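Encoded as structure tokens, the structure appears first; notes follow it.
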Protein chains: 2
Amino acid sequence: MTTKERILQGAHDVFQRNGFSGATMQAIAEKSGVNKALLHYHFGTKSDLFHAILQQSFSQLLPAVFMALNSEMPLRNKLQNVVELYLGTIIKNPELPLFVISELQRNPSFIRKQIKLRAFPPRFVQQVKDATTRGEIIRAEPADIMADLMGLCILPFVARPILQHLSGKSNAQYKEFLQHRVQHVCDVLVGGLFHVQR
Amino acid sequence: MTTKERILQGAHDVFQRNGFSGATMQAIAEKSGVNKALLHYHFGTKSDLFHAILQQSFSQLLPAVFMALNSEMPLRNKLQNVVELYLGTIIKNPELPLFVISELQRNPSFIRKQIKLRAFPPRFVQQVKDATTRGEIIRAEPADIMADLMGLCILPFVARPILQHLSGKSNAQYKEFLQHRVQHVCDVLVGGLFHVQR
DNA sequence: AAATGGTTTAACCAATTGGTCAATTCTTTC
DNA sequence: GAAAGAATTGACCAATTGGTTAAACCATTT
């Protein structure tokens, strides 16, 4: 593992846990086992380093989902597929969504500058339109479904402290809860969007 | 409006926009039109002031929802009712959810210390249990439904920059989207949880 | 082994941070 | 209107912040 990589790893940890304002170059240096000046030598300013991390974090989340949303699968299976993919990613990196979301909220210009995704996947949009006109699903636009999907998936992670406290679950129990939740989200999403066959 | 209130207002604004680490006492003082030393005179340390704001913000969100969840309404109407109440609150204060969520994540001890809600509303829990055994809704626990409800409601607010950018909506269009969403969330939630009458 | 060029460090800097304090202003009480 | 107490301020402080720089270290080439 090269020094640059160790720094990126340390920066990732510190930024993700504390956000941009809460993180200090000193903390990142210590976490990476490296002198503070070396951060600037390799990565310029704090903002530069931060943007590198944010970019990487962001691209870890959405692009895969978008690719799945753009596949040729029928809508119903596709949704199920995306939920599994999305939740799988988040379970492996539970702090990712809140980090990306809060930092994008406080730095919205980042989106316009850096993010190349400028619309929902066209195949997904078309499927939603078709399914609506055919009356297979309730009247909804892609943004709604995208919001449903993301909201159902990320909430147990971003609001974990509250939810775990209220439900009185141990860490192990909460983990189990998260496992079961994949199926639950699929059920709610598909069941809530699709009309029943009569 | 008394000086103390003006300070609380200013602190609310600055903390909500920048989080604890991102906010400075100087900024709060300026926003409140007051000398920095006065903040300490009235509210002690930065942490003290922050906790006052966080407490107030938190109690603005959940307690009302919990009271509604504990009413004697039938489950189906209750959910609809809570969604409308919750979304109504958030629309009036769109930055509240992300603020509470991120700060609770980075300061989880606050929950144990300050928040008195230690379980889901008992009447709601009982209703879910009953409805499950009667086969009216899919197998789900209160934590799941709570997560569904919160996730569906807050996502368009916490992830607004991304979602608005992807959907290509103007501010006005996005506001309209949020209005329509009340009905959509009700539909998805009720439709996703309840089995259909056959 | 000397020269070279990239890597890493300790020491340092100006600016900003949260916080204090004595002095001043304002308000209330007598 | 004087005394008293609360409210408000400007000046100040030590600690920390992001960032710089010159010197040291290290590996490679000649």
Side-chain angles (χ1 to χ4, degrees), chain A residues 1-57 99-100 102-110 113-114, chain B residues 1-57 99-100 102-110 113-114:
Chain A
M1 201 180 193
T2 155
T3 305
K4 258 188 173 177
E5 287 169 344
R6 280 196 6 251
I7 293 178
L8 280 174
Q9 177 66 52
H12 179 90
D13 292 355
V14 175
F15 276 133
Q16 193 159 283
R17 199 170 309 274
N18 307 96
F20 177 76
S21 327
T24 73
M25 295 299 268
Q26 185 58 47
I28 296 175
E30 282 164 20
K31 190 93 178 183
S32 324
V34 132
N35 185 282
K36 179 169 68 98
L38 201 56
L39 307 183
H40 293 105
Y41 173 76
H42 279 298
F43 291 98
T45 74
K46 181 186 180 185
S47 285
D48 293 339
L49 181 51
F50 176 75
H51 280 114
I53 300 296
L54 182 55
Q55 176 86 53
Q56 171 206 309
S57 298
F99 170 66
V100 172
S102 12
E103 296 305 328
L104 282 187
Q105 191 98 328
R106 277 162 205 165
N107 195 359
S109 62
F110 181 85
K113 281 187 225 150
Q114 305 271 354
Chain B
M1 203 181 193
T2 155
T3 304
K4 260 189 174 176
E5 287 168 344
R6 276 189 19 245
I7 293 178
L8 281 174
Q9 179 65 54
H12 179 90
D13 292 355
V14 175
F15 276 133
Q16 194 159 282
R17 199 170 310 274
N18 306 98
F20 177 76
S21 329
T24 74
M25 295 299 268
Q26 186 57 46
I28 296 175
E30 281 164 21
K31 189 94 179 184
S32 324
V34 132
N35 185 284
K36 179 170 68 100
L38 201 57
L39 307 183
H40 293 105
Y41 174 76
H42 280 299
F43 292 97
T45 75
K46 181 186 180 185
S47 284
D48 293 339
L49 181 53
F50 176 75
H51 280 114
I53 301 296
L54 182 54
Q55 176 86 53
Q56 171 206 306
S57 299
F99 170 66
V100 172
S102 12
E103 297 304 329
L104 283 187
Q105 191 101 334
R106 276 161 205 166
N107 195 1
S109 62
F110 180 86
K113 282 188 222 148
Q114 306 269 353

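Just so we're clear, the structure is a prediction, and the values are computed from it rather than from any experiment. In what follows, every chain begins at residue 1, and chains take the letters A, B, ... in the order their sequences are listed.
For the OP1/OP2 pair of D:dT8 and a distance below 4.0 Å, the side-chain nitrogens and oxygens of B:Tyr41 include no atom meeting the criterion. Within the 4.0 Å cut-off from OP1 or OP2 of C:dT7, not a single side-chain nitrogen or oxygen of A:Thr3 is found. An OP1 or OP2 oxygen of C:dG18 is reached within less than 4.0 angstrom by no side-chain nitrogen or oxygen of B:Thr45.
Annotation: side chain of A:Asn18 is not in contact with side chain of B:Arg106 (no heavy-atom distance under 4.5 Å).
Each of C:dT8, D:dG18, C:dG18 was ranked by its minimum atom distance to the side chain of A:Lys46; first place goes to D:dG18. Among D:dT8, C:dG19, D:dG19, the nucleotide with an atom closest to any side-chain atom of B:His42 is D:dT8.
Using modelled atom types, one finds no donor on one side chain facing an acceptor on the other under 3.5 Å when comparing B:Glu5 with B:Gln9.
Note: CD1 (A:Ile7) to C1' (C:dT7) measures 11 Å, nearest angstrom. For B:Leu39 and C:dG18, the CG to C1' distance is 11 Å, given to the nearest whole Å. A:Phe20 places its CZ atom 12 Å from the C1' atom of D:dT17, with the value rounded to the nearest Å. Regarding A:Phe43, its CZ atom lies at a distance of 12 Å from the P atom of C:dT7, rounded to whole Å.
Between the side chain of B:Ser32 and the backbone N or O of B:Val34, no donor-acceptor pair lies under 3.5 Å. No donor-acceptor pair under 3.5 Å is formed between the side chain of B:Gln16 and the backbone N or O of B:Asp13.
A centroid separation of less than 6.0 Å is found between the aromatic rings of B:Phe50 and B:Phe15.
Scanning residues 24-38 of chain A for heavy-atom distances under 4.0 Å to DNA chain D yields A:Thr24, A:Met25, A:Lys36, A:Ala37.
Rounding to the nearest 0.5 Å places CG of B:Leu49 at 11.5 Å from CG of B:Leu54.
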